[in-house]
Amino acid sequence: MPITVHPLSPAIAAEIRGADISGPLDPQDIAAITQAWLDHCVLLFRDQSLDPNQQRAFVRNFGELGGRKARVEPQNYRKPDEETAGPDYNADSMLVTNIRENGKPIGVLPDGEMWFHHDMCYAPQPNRASFLYSIEVPSHGGDTIFANMYEAYTRLPQHLKDRIEGRTVLQAFDEHQDRRIELAQKPLSQVPHCFQPIVLRHPDTGRRAIYVNRLMSHRIQGLTDAESDALLEELLAYTEDPAIQYQHVWRPGDLLMWDNLCSTHARTDFPREERRLMRRYTLAGAPVTAAWESHTAP
Ligand code: SIN
């Protein structure tokens, strides 16, 4: 059966039907999935049954596995160990879960709402993409919302495009908490951080995308704090416009793959007492290219 592509919203995300991603895929199917991913930024595969090795093999169709270079594990994070671990993870995967053992989370990003962010934009070489597979989901909430950052850039008025051209932004995040850090209270030396271009050029499509988000973007270089805060707020209004979003309500067996260069994502709140268990692999990335740097992409 040929695979088919079904947009999930006018702005971002599509469902791929007709693909069983638990086994090897034809080169034509991989090419079609890759093209759909470039077109839609986020892809959904429903009703999959994936063990860690099958999920990892699927990710490898698109490049090298990403690491957790900037990540400092939470104190009680149970490092995946293929000898002793249960069936839900292996050494390359990460659990995104609120499940606790002896009161301690067994994974990362455990509880509640998360604001919009680009995964690992605070690292000099952020992971290119994330592949999240749902194993257990709460009865409600815990949705993941995606927003299209090409579209956010396209919608900016020219005077804002002119103001941000050539600028960089400080990205920082404390991986021990799911909330935005207060730089007044937490010295930068204690958290992973770096300056990134405020607008990037996507390496495959050549398109411009905004690279700021509410959770991790802190200060625009070359502006006073007040000017930076005001400009960031203006930009965030465009990046968080509901017109460029898709909200995913998870079912067990969903695999979502998203491109961290042209999309942001956020998570809605969910009941603390209900289990949410996701397995994540990532795709390695390269240093981010500023939109104003020369490029050879189409
Ligand atoms: C993440 O930001 O990678 C986690 C998203 C989610 O838990 O829905």
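Keep in mind that this is a model prediction, so the values were computed, not measured. When reading the values below, keep in mind they use all heavy atoms of this one structure, side chains included, and skip hydrogens, waters and symmetry mates. First listed ligand is number 1; within each ligand, the first listed atom is number 1.
The protein non-hydrogen atom at the shortest distance from atom 1 (C) of ligand 1 is H265 NE2, 3.5 Å. Atom 4 (C) of ligand 1 has its closest protein heavy atom at L109 CD1, 3.9 Å.
Of the listed residues (M114, H118, H117, M120), the one carrying the non-hydrogen atom nearest atom 2 (O) of ligand 1 is H117. Closest heavy-atom approach to atom 6 (C) of ligand 1 among the candidates H248, M94, R276, R280: R276.
Using a 4.0 Å cut-off between a side-chain N of Lys or Arg and a carboxylate O of Asp or Glu, D111 and R276 do not qualify as a salt bridge. Ionic pairing of E64 and R128 is not present here: no N-O contact between side-chain nitrogen and carboxylate oxygen is shorter than 4.0 angstrom. Ion pairing of R163 with E165 is absent here, as no side-chain N (NZ or NE/NH1/NH2) approaches a carboxylate O to less than 4.0 Å. Salt bridge annotation for E227-R219: absent, with no cationic side-chain nitrogen under 4.0 angstrom from a carboxylate oxygen.
Ligand 1 has no nitrogen or oxygen under 3.5 angstrom from a nitrogen or oxygen of D143. At least one N or O atom of T144 sits closer than 3.5 Å to an N or O atom of ligand 1.
Taking every heavy atom of V96 and a limit of under 4.0 angstrom, the matching atoms of ligand 1 come to 7 (O). Residue contact check: D119 has heavy atoms under 4.0 Å from atoms 2 (O), 3 (O) of ligand 1.
Residues R279 and Y133 have side chains that never bring a donor and an acceptor to within less than 3.5 angstrom of each other. Between the side chains of D162 and Q158, at least one donor-acceptor pair of N or O atoms lies under 3.5 Å.
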